[in-house]
2 protein chains.
Amino acid sequence: MRRAAPDKRPYHHGDLREALVQAGIDILTEGDLAGFTLRECARRAGVSHAAPKNHFPTVDHLKAEIGARGFEQMHRVLAAAADAALSQSADARLIAMGKAYVRFATANSAAYKMMFRDRDSFERTPHYVVAAEAAWVQLGEAVAAVIGVERGDVDARAAHVFALVHGFASLVIDGRLPPGLETDRVIAQSLASLPAALRGLGTP
Amino acid sequence: MRRAAPDKRPYHHGDLREALVQAGIDILTEGDLAGFTLRECARRAGVSHAAPKNHFPTVDHLKAEIGARGFEQMHRVLAAAADAALSQSADARLIAMGKAYVRFATANSAAYKMMFRDRDSFERTPHYVVAAEAAWVQLGEAVAAVIGVERGDVDARAAHVFALVHGFASLVIDGRLPPGLETDRVIAQSLASLPAALRGLGTP
DNA sequence: CATAGGTTGTTTACACTGTCAAGATTTATG
DNA sequence: CATAAATCTTGACAGTGTAAACAACCTATG
């Protein structure tokens, strides 16, 4: 068994797979999505450019793994936001989660892009699929708590919420909203109207 | 003055700039966003790989031009949708535009991605800026017609609409909504609730 | 324990990309 | 017409992802 940080870099890295993932996350944290490169990850891990092949057959596999971790982290952030609002109403919890969603996306814009962009080019690894699915389930539960479980069609309402928060997140990240707009206030306003809108949805 | 399609390619190319743009649009129409390459555009225009430099200093300039045209085309599509619903209420027109928006985005997914993705890497050419701005203005007008011009804060409501349709478009394009979901019906439902939600926005 | 086999890295190579510099060719202009 | 400007070609360079051949290390089996 080899320790993680031996004194003299042995031939084998020790935990190259994890080092590559971490290097990739570091690059994204620096906000340099274009700088995300398989060779650069290898470079940061202190390894030759072809070494990653043993752990990730393709750069898309690495992207899928990092994207999966992004979903997992977002899941934790949303769960924490919901927990913090546990004493409040289901409406307040959903709103808190919506705010946390947009905040996470904008604070980790490069990672967020990697989570959503180019999904087709990802080999859909099981890890990625499971992590992305969990986000959907989490959202559906919060929506169900708002509209009441007996009212069917939770998915349609969850899609409404998903579209709204993902839309805001994308627009803010890409700087697509007009410069003068107070995005925080606008988003808070839209989210505040969400529970009522969900209850009215599909019932004219 | 030279015509667009002379019989014998008299100038070096005649209209290389336009040919490059068209080649790029063709690639996107084929849905192959990854295949969009400056060299491939040059290839399709029947010209050497470095020829584009005279018309587009950088590949991002070509992307910006194509993105601008995408915004222009979308503007026409939305205007047509609004015109077709001219005899109906402002609510109906906004809903029609929303549907047309999502339909355009999903039917031209590669072009839509080029319009929105990587905006930072675009040299922000005047053409692109103007075209993108026009889309925002168009949306704001439709929203203003719904809520009444006297009620201020049109931008906040326009942002709400923009986020919703862009969110749906992005999620559909990236296949992010659950497989079983009837997206057409769900989106129609969400859009139907939009005018009422806009009127209630910000007025508790 | 020795050794055969599999795992992990390195080296080298290839096709591809965007960009640049130098030259050739065609058009426009004084 | 002669000269300048615009346009295109050729060739080069640094990057990229991926593949194949080889080397070093680990491990399990005889």
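Quick note on labels: first sequence line is chain A, next is B, and so on, each numbered from 1. Small disclaimer: the values here were computed from a predicted structure and weren't measured.
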Review item, nucleotides 19-21 of chain D N/O atoms under 3.5 Å of protein N/O:
| unit_1 | atom_1 | unit_2 | atom_2 | d |
| --- | --- | --- | --- | --- |
| dA19(D) | OP2 | Lys53(A) | NZ | 2.4 |

Distances for protein N/O vs nucleotides 15-17 of chain C N/O pairs under 3.5 angstrom?
| unit_1 | atom_1 | unit_2 | atom_2 | d |
| --- | --- | --- | --- | --- |
| dT17(C) | OP2 | Arg43(B) | NH2 | 2.8 |

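Atom pair Asn54(B):CG and dC20(C):P shows a separation of 13 Å (rounding to whole Å applied). The CZ atom of Arg17(B) sits 13 Å away from the P atom of dC8(D) (whole-angstrom rounding). Atom C1' of nucleotide dT18(D) and atom NE2 of His55(A) are separated by 16 Å, given to the nearest angstrom. If you measure from atom CZ of Phe56(B) to atom C1' of dC8(D), you get 16 Å, rounded to the nearest angstrom.
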Check: residues 45-57 of chain A side-chain donor-acceptor pairs under 3.5 Å, at least two apart:
| unit_1 | atom_1 | unit_2 | atom_2 | d |
| --- | --- | --- | --- | --- |
| Asn54(A) | ND2 | Ala51(A) | O | 3.2 |

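Ring centers of Tyr112(A) and His166(A): under 6.0 Å apart, within the cut-off.
With sequence neighbours left out, the salt bridge (charged side-chain N to carboxylate O under 4.0 Å, His left out) criterion links Glu72(B) to no other residue. Scored by the salt bridge (charged side-chain N to carboxylate O under 4.0 Å, His left out) test, Glu65(B) finds Arg17(B), Arg69(B) as partners (sequence neighbours excluded). The side chain to side chain contact (heavy atoms under 4.5 Å, CB included) test applied to Thr106(A) returns Val102(A), Val172(A), Ile173(A), not counting sequence neighbours. The salt bridge (charged side-chain N to carboxylate O under 4.0 Å, His left out) check on Arg76(B) picks up nothing, with sequence neighbours excluded. Considering only residues two or more places apart in sequence or on other chains, Phe168(A) meets the ring-ring contact (aromatic ring centres under 6.0 Å, His included) condition with none of them.
Residue pairs meeting the side-chain hydrogen bond (donor to acceptor under 3.5 Å, both in side chains) criterion with at least one partner in residues 28-38 of chain A, sequence neighbours excluded, are Glu30(A)-Arg44(A).
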